[in-house]
Number of protein chains: 2
Amino acid sequence: MNEDTKKEDRRVRRTRKILTQALTELLQRKQVNEITVKELTDLADMNRGTFYQYYRDIYDMLEKIQDEMFEKLDAIFSLPKDGDVTEQTGPILMDLFRFIEENQEMCRVLLSPNGNMNFLHRLYEVLRNKCLHLSLGSEPMASKEDFDYRYTFMVYGVAGLIRSWVSRNCPEKPEQMAELTNHLIISGGIA
Amino acid sequence: MNEDTKKEDRRVRRTRKILTQALTELLQRKQVNEITVKELTDLADMNRGTFYQYYRDIYDMLEKIQDEMFEKLDAIFSLPKDGDVTEQTGPILMDLFRFIEENQEMCRVLLSPNGNMNFLHRLYEVLRNKCLHLSLGSEPMASKEDFDYRYTFMVYGVAGLIRSWVSRNCPEKPEQMAELTNHLIISGGIA
DNA sequence: GTGTTTTCGAACACCGTGTATTATAATGAC
DNA sequence: GTCATTATAATACACGGTGTTCGAAAACAC
């Protein structure tokens, strides 16, 4: 029994899981704003009042699900790595794409047109702070703003890759995507 | 009296304008899902029933506002250009950034964390189909998928530039942004 | 001015919301 | 297995926004 589960009753895990599954299913066919708590709990075959024991409303639920995802992601990036390769983006990107593949269903939904802009922004922050520490020093000269725009260009580019990948149901392997990404951000004139 | 206004009663224009202004104001301080029709029409000092004469609900309104924006944008890109410079992205990007600057308030809201993923996707489509016709043929060899990912990387990169720009209240001139963008997509290894 | 169109004010039923209460069932510790 | 604890179910409730309707008043185009 690990750190995550020991605090939770088995019923709580079950309830959260079923609710999340139901929400994922609903999000695949309609927008968040069209989803009611009643509808969700009906689909989950669950008492409506139980929902409110965990979430304030549908949006709160979606946010909490995202919180969980980014907590896990942070945990992955906080793991000690072999040797001292903290400057290498390759292995980090590998971890990233593996994680996204594992959570592709939710990622696909959240990055779709019906998705959530906040999710994209949080992904952007993670990419920027944890995955893509690049030195743009090789460029001859650039202002602070210039640097920032280049960085943004690159980070959003990677976010776009991820969106495209999951929307196609992840046909490429995470390793391939990590390699492609690495290539694009290096040969992409921003390195 | 031009094509756009002749169909509309002055009152209709006024009503639409006031409602749009009120929505823009509300969107700056709260999320879409927290906005009610009652609240909107109260702020607009307008009968609630009048709202329903034009929109089904808040989301419908937001969508129709976006429709208008992209219609205008399409119109701009359909304008005949001097000479035969259809292969040049520079002037097109200039038009694009000028348009975004003019509509920066709404763009800022729609690209913020409280924003609308559908708007980003539509922007993506416009960029891809109208603004960034690039030949990636100079690359030695690439599969169809590879090409697509590179393209996505670039287009999302530009979308990121736009988001970053409007979120800072457009400190740079549209011309500067067009130039920067042009530089990034050309020297950006994708050319 | 006249006919038309829009907005307003008011009323209405409807339904999801959020909360509370009690009873029942599942769980974990022993 | 027993027991105390905790989660879920069942039900009821008031509340408020929704979406629609109607006639009256106002604004409009000509």
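Just so we're on the same page: letters track the sequence lines, and every chain starts at 1.
A salt bridge links A:Arg122 with A:Asp67: at least one charged nitrogen is closer than 4.0 Å to a carboxylate oxygen. A salt bridge is defined here as a Lys NZ or Arg NE, NH1 or NH2 lying under 4.0 Å from an Asp or Glu carboxylate O, and B:Arg48 with B:Asp42 fails to meet this definition. Salt bridge A:Arg13/A:Asp9: absent, no basic N to carboxylate O contact under 4.0 Å. The pair A:Lys30-A:Glu39 meets the salt-bridge criterion, with a side-chain N (NZ, NE, NH1 or NH2) lying under 4.0 Å from an Asp/Glu carboxylate O. Electrostatic pairing of A:Arg98 and A:Glu175 counts as a salt bridge here, judged by a charged N lying under 4.0 Å from a carboxylate O.
For DNA chain C, none of the residues of residues 21-32 of chain A falls under the heavy-atom distance limit of 4.0 Å. Sorted by residue number, the members of residues 37-46 of chain A with any non-hydrogen atom under 4.0 Å from DNA chain C read A:Val37, A:Lys38. Contacts between residues 52-59 of chain B and DNA chain C, defined by a heavy-atom separation under 4.0 Å, are made by B:Gln53, B:Tyr54.
Between A:Arg48 atom CZ and C:dG18 atom P the separation is 9 Å, expressed in whole Å. Atom CD1 in A:Ile18 sits about 11 Å away from atom C1' in D:dT8, given to the nearest Å. Note: CG (A:Asp60) to C1' (C:dG18) measures 13 Å, nearest angstrom. The nearest whole Å value for the distance from the CD atom in B:Glu34 to the C1' atom in D:dG16 is 17 Å. Distance CZ (B:Arg13) to P (C:dT6): 13 Å, rounded to an integer number of Å.
For the pair B:Ile35 and A:Val12, nearest-nucleotide mapping onto DNA chain D gives the more 5' position to A:Val12.
Under the ring-ring contact (aromatic ring centres under 6.0 Å, His included) criterion, B:Phe99 pairs with no residue, sequence neighbours left out. Residues satisfying the salt bridge (charged side-chain N to carboxylate O under 4.0 Å, His left out) criterion with B:Lys173, sequence neighbours excluded, are absent altogether. With sequence neighbours excluded, the residues forming a side-chain contact (heavy atoms from CB on, under 4.5 Å) with A:Gln28 are A:Thr24, A:Glu105, A:Val109, listed by chain and number. Scanning for ring-ring contact (aromatic ring centres under 6.0 Å, His included) contacts around B:Phe119 gives B:Phe70, with sequence neighbours left out. For B:Arg56, the salt bridge (charged side-chain N to carboxylate O under 4.0 Å, His left out) partners two or more places apart in sequence, or in a different chain, are B:Asp60.
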Return all side-chain donor-acceptor pairs below 3.5 angstrom for residues 154-169 of chain B, not counting sequence neighbours, or 'none' if the list is empty.
| unit_1 | atom_1 | unit_2 | atom_2 | d |
| --- | --- | --- | --- | --- |
| B:Tyr156 | OH | A:Arg163 | NE | 3.0 |
| B:Arg163 | NE | A:Tyr156 | OH | 3.1 |
| B:Arg163 | NH1 | A:His121 | NE2 | 3.1 |
| B:Ser164 | OG | B:Arg168 | NE | 3.4 |
| B:Trp165 | NE1 | B:Glu172 | O | 3.2 |
| B:Ser167 | OG | B:Arg163 | O | 3.3 |
| B:Ser167 | OG | B:Ser164 | O | 2.9 |
| B:Arg168 | NH2 | A:Asp148 | OD2 | 2.8 |
| B:Asn169 | OD1 | B:Arg108 | NE | 3.4 |
| B:Asn169 | OD1 | B:Arg108 | NH1 | 2.9 |

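Proximity of B:Leu120 to A:Met117: side-chain heavy atoms (C-beta onward) are separated by under 4.5 Å at one or more points. Put simply, the side chain of A:Val32 does not reach to within 4.5 Å of the side chain of A:Asn114, judged on heavy atoms. Contact annotation: the side chain of B:Asn116 approaches that of B:Leu110 to within less than 4.5 Å [non-hydrogen atoms, C-beta and beyond].
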Are any protein N/O atoms closer than 3.5 Å to N/O atoms in nucleotides 21-28 of chain D? If there are, list each pair with its distance.
| unit_1 | atom_1 | unit_2 | atom_2 | d |
| --- | --- | --- | --- | --- |
| D:dA27 | N3 | B:Arg11 | NH1 | 3.0 |

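Summary for the helix from C:dG1-D:dC30 to C:dC30-D:dG1: the axes at its two ends, each from 5 pairs, differ by 60° when rounded to the nearest 10 degrees.
Side-chain rings of B:Phe147 and B:Tyr151 approach one another, their centers coming within less than 6.0 Å.
Checking the phosphate oxygens (OP1, OP2) of D:dG17, no side-chain nitrogen or oxygen of B:Thr36 falls inside 4.0 Å. Regarding contacts with the backbone of C:dT6, every side-chain N or O of B:Thr15 stays at 4.0 angstrom or more from both OP1 and OP2.
Pairs of residues two or more places apart, or lying in two chains, that qualify as ring pair (Phe, Tyr, Trp, His ring centres under 6.0 Å) and include a residue from residues 28-52 of chain A are A:Phe51-A:Tyr55.
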